[in-house]
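For reference, the structure discussed in these notes is given below.
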Number of protein chains: 2
Amino acid sequence: MQKIRLGIVGYGNLGRGVQYAASQNEDMEVVAVFTRRNPAEVKTILPIKVDAIENIEKYKGQIDVMILCGGSATDLPQQSVAIVKMFNTVDSFDTHAKIPEYFDALDAAAKESGHIGAMSIGWDPGLFSLARLYFGASLEQGNTYTFWGKGVSQGHSDAIRRVKGVKDARQYTIPVESALERVRNGENPVLTTREKHTRECFVVAEEGADLERIEREIKQMPNYFADYDTTVHFISEEELQKNHSGIPHGGFVLRSGTSAIGDRFLMEFSLKLDSNPNFTSSVLVAFARAVARLYAEGMRGAVTAFDIAPKYLSPLSFEEQRKQLL
Amino acid sequence: MQKIRLGIVGYGNLGRGVQYAASQNEDMEVVAVFTRRNPAEVKTILPIKVDAIENIEKYKGQIDVMILCGGSATDLPQQSVAIVKMFNTVDSFDTHAKIPEYFDALDAAAKESGHIGAMSIGWDPGLFSLARLYFGASLEQGNTYTFWGKGVSQGHSDAIRRVKGVKDARQYTIPVESALERVRNGENPVLTTREKHTRECFVVAEEGADLERIEREIKQMPNYFADYDTTVHFISEEELQKNHSGIPHGGFVLRSGTSAIGDRFLMEFSLKLDSNPNFTSSVLVAFARAVARLYAEGMRGAVTAFDIAPKYLSPLSFEEQRKQLL
């Protein structure tokens, strides 16, 4: 079997996760990691070639799909349109508000060069998006709800770290169980931001810092915390390391709807993940398989999870899929 | 907007459900119902033309997709290959063991005449199949479990009715909660048939019948009950009508897996349905939309849910999908 040859662009949590996930898939091999750092200083978790991002063009013809593991704020908008001119790409772009313009730019660059750029792949956007689409199409009359957590929000943890007197912090987003139950009961509630999620913060303060001020500044922070019921716990650095070093996450997509004569239906998809980046990367690898196959079939341009027929994701043959999974 | 013109072949629970579901979708219209019975004797739940199945050919050019609502045992294997020679079709063929041969026959007939035959659409096979495929592709190392219920099994209810002295019966399939919990806990258990589901039977006996014999015959019935923990309740005809006249169903697809370094992941999809046929028909209508669009794009042959890119199912435009659902 000809393996699918992957490149990894960016070697943070997600890049490492892609290497782990690829190692679990027999039809995948990672050819190289590309970094903006000094390649000699990048230690990979499994032995693999590391090269400078400037040298990426030399790998044309040697890599089928580049998995872009940079951040959505600044890395991906620049990298994706540049790299898709040379390779097929898969990325996890997740700035929801900017998806339309990101799609248009990626689509133009991908079509111009004759590649596929798969964007917004992972679990949200990604598998949760698929649930929202399948659920909505299956039940025309109903309401869809997305809840996140319990899980670590990197963005909110970073926001706390920017408060004066804070040494380190970890923030958990927690779905409100009673709100979930109201949805499951078919009440079709209208839920405010505050009613859907709470935020729990574990904060390591610098010695002598004013804890009351820190707590107040966190709870009043606009966009991040002001609209939520937030609790703040001050803990030691050791406790943070011991009990809060993981990056778990998860969530729920629910759709509650009715038939024309009032039968009630509930559809629910949930994820519970010990490691957010290691699961996201596992999804990225499955979509890299689809991209390689669809490229061989002649597809070109930007795509999302919505554009990809499910059969392309599975390592099983189409016959095996029908026999074993249908 | 040009509506998608549907035909309904067979007017039992599922056919009625298709009419209800189509009435909830603005881009759909039902042109006619086709029946093997005397059309004059078929009362439809909403006003609609009813015609004899023999006249179906006269509707060529007037119907975009025929939704086949017959049974999998004898109706669909005959009807699908005949009707796909004249129309695009969608069916809910669910005899798992015969799916490969059914696919081959449908594919040959559909390609010969230049149509699409979408098969095994509904929730299982259908949405549950999709969950098994997406889950398996997303988590290469893990185990997938399907549980059904709590819900009415028509096949098992019919089997009880064939026992001597039984006037009427309703059988519920119930997932074993402790088995579900073991899967959710990541134990990756190997579960026997008996450990996954129990069966609960509500039986109306004929007057003077030997209840002990009936209960014994039910519990010992091979294939249907012998491999399960089965309970039998004898109730009155009135009680059966009052408390057991619905056809609820549902179930769970779970996949429990791990990353290469042992992070645990749980994926879960569940359905809770007041009416099995009315939900199944709602899914059939969504796939009829996809079939009409894919036919216009030139697709031909037999397809399953695995072959259809999700975007074709939603009534939203592709741009709206990316903006609102991704």
Side-chain angles (χ1 to χ4, degrees), chain A residues 17 20-21 23-25 96 99-100 103 120 125 127 129-134 136-141 184 250 259-275 278-279 282-283 285-286 289 304-311 313-316 318-319 321-323 325-326, chain B residues 17 20-21 23-25 96 99-100 103 120 125 127 129-134 136-141 184 250 259-275 278-279 282-283 285-286 289 304-311 313-316 318-319 321-323 325-326:
Chain A
Y20 284 133
S23 77
Q24 293 182 303
N25 285 274
H96 284 266
I99 280 175
F103 181 90
S120 300
L127 300 180
S129 319
L130 286 166
R132 289 186 285 263
L133 192 152
Y134 278 114
S138 299
L139 269 187
E140 173 61 19
Q141 284 178 25
R184 291 191 183 117
S259 75
I261 53 169
D263 306 297
R264 295 192 312 176
F265 304 123
L266 179 69
M267 314 180 73
E268 179 167 347
F269 171 45
S270 66
L271 291 173
K272 203 175 162 196
L273 312 170
D274 274 359
S275 164
N278 287 351
F279 182 77
S282 193
V283 178
V285 165
R289 174 184 294 120
T304 74
F306 298 160
D307 299 289
I308 293 175
K311 67 176 172 185
L313 297 166
S314 167
L316 299 176
F318 301 155
E319 292 74 18
Q321 290 175 23
R322 284 193 293 271
K323 203 167 174 179
L325 302 175
L326 197 63
Chain B
Y20 284 132
S23 78
Q24 293 182 305
N25 285 274
H96 283 267
I99 280 174
F103 181 90
S120 301
L127 299 181
S129 319
L130 286 166
R132 289 187 284 262
L133 192 153
Y134 278 114
S138 299
L139 268 187
E140 173 59 21
Q141 285 179 22
R184 290 192 183 115
S259 75
I261 53 169
D263 306 297
R264 296 192 312 176
F265 304 123
L266 180 69
M267 314 179 73
E268 179 168 347
F269 171 46
S270 66
L271 291 173
K272 204 175 161 196
L273 313 170
D274 274 359
S275 164
N278 286 352
F279 183 77
S282 193
V283 179
V285 165
R289 174 184 295 119
T304 74
F306 298 160
D307 299 290
I308 294 174
K311 67 177 171 184
L313 297 166
S314 168
L316 299 176
F318 302 154
E319 293 73 19
Q321 290 175 22
R322 285 192 293 271
K323 204 166 174 179
L325 302 175
L326 197 62

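Every chain is numbered from 1, with letters handed out A, B, ... down the list of sequences. Below, each value reflects all heavy atoms present in this structure, side chains not excepted, and no hydrogens, waters or symmetry copies.
Most heavy-atom pairs under 4.5 Å with chain B, from the set A/Ala137, A/Pro315, A/Ser270: that is A/Ser270. Interface summary for chain B: among A/Gln24, A/Glu140, A/Gln321, A/Lys311, the most heavy-atom pairs under 4.5 angstrom belong to A/Gln24. Chain A forms the most heavy-atom pairs under 4.5 Å with one residue out of B/Thr304, B/Leu139, B/Leu266, and that residue is B/Leu266. Note: A/Leu326 leads A/Asn25, A/Asn278, A/Leu326 in heavy-atom pairs under 4.5 Å with chain B. Heavy-atom pairs under 4.5 Å with chain A were tallied for B/Ser275, B/Gly136, B/Ser314; the largest tally goes to B/Ser275. For the set B/Ile261, B/Leu316, B/Val283, the count of heavy-atom pairs under 4.5 angstrom toward chain A peaks at B/Ile261. Top candidate by heavy-atom pairs under 4.5 Å with chain B, chosen from A/Val285, A/Asp307, A/Leu127, is A/Asp307. Of the listed residues (B/Ala260, B/Gly17, B/Gly250), the greatest number of heavy-atom pairs within a distance under 4.5 Å of chain A belongs to B/Ala260.
At least one side-chain heavy atom of A/Met267 sits less than 4.5 Å from a side-chain heavy atom of B/Phe279. For the pair A/Leu271 and B/Phe265, the minimum side-chain heavy-atom distance is 4.5 Å or more. Side-chain contact check for B/Phe318 versus A/Phe103: every heavy-atom pair is 4.5 Å or farther apart.
To the nearest 0.5 angstrom, B/Arg132 atom CZ is 7.0 Å from A/Leu325 atom CG.
For A/Leu273, the parts lying near chain B are the backbone and the side chain together; criterion is any non-hydrogen pair under 4.5 Å. In this structure, the portions of B/Leu313 lying under 4.5 Å from any heavy atom of chain A include both its backbone and its side chain. Within the 4.5 angstrom heavy-atom criterion, only side-chain atoms of A/Ile99, from C-beta onward, approach chain B. Of the two parts of A/Ala131, neither the backbone nor the side chain holds a non-hydrogen atom closer than 4.5 Å to a non-hydrogen atom of chain B.
In this structure B/Asp263 satisfies the salt bridge (charged side-chain N to carboxylate O under 4.0 Å, His left out) test with no other residue, sequence neighbours excluded.
Distance alone, capped at 3.5 Å, is enough to place a donor-acceptor pair between the A/Ser282 side chain and the B/Ser138 backbone.
Across all their heavy atoms, A/Tyr134 and B/Leu130 have their closest contact at CE2-CD1, 3.4 Å.
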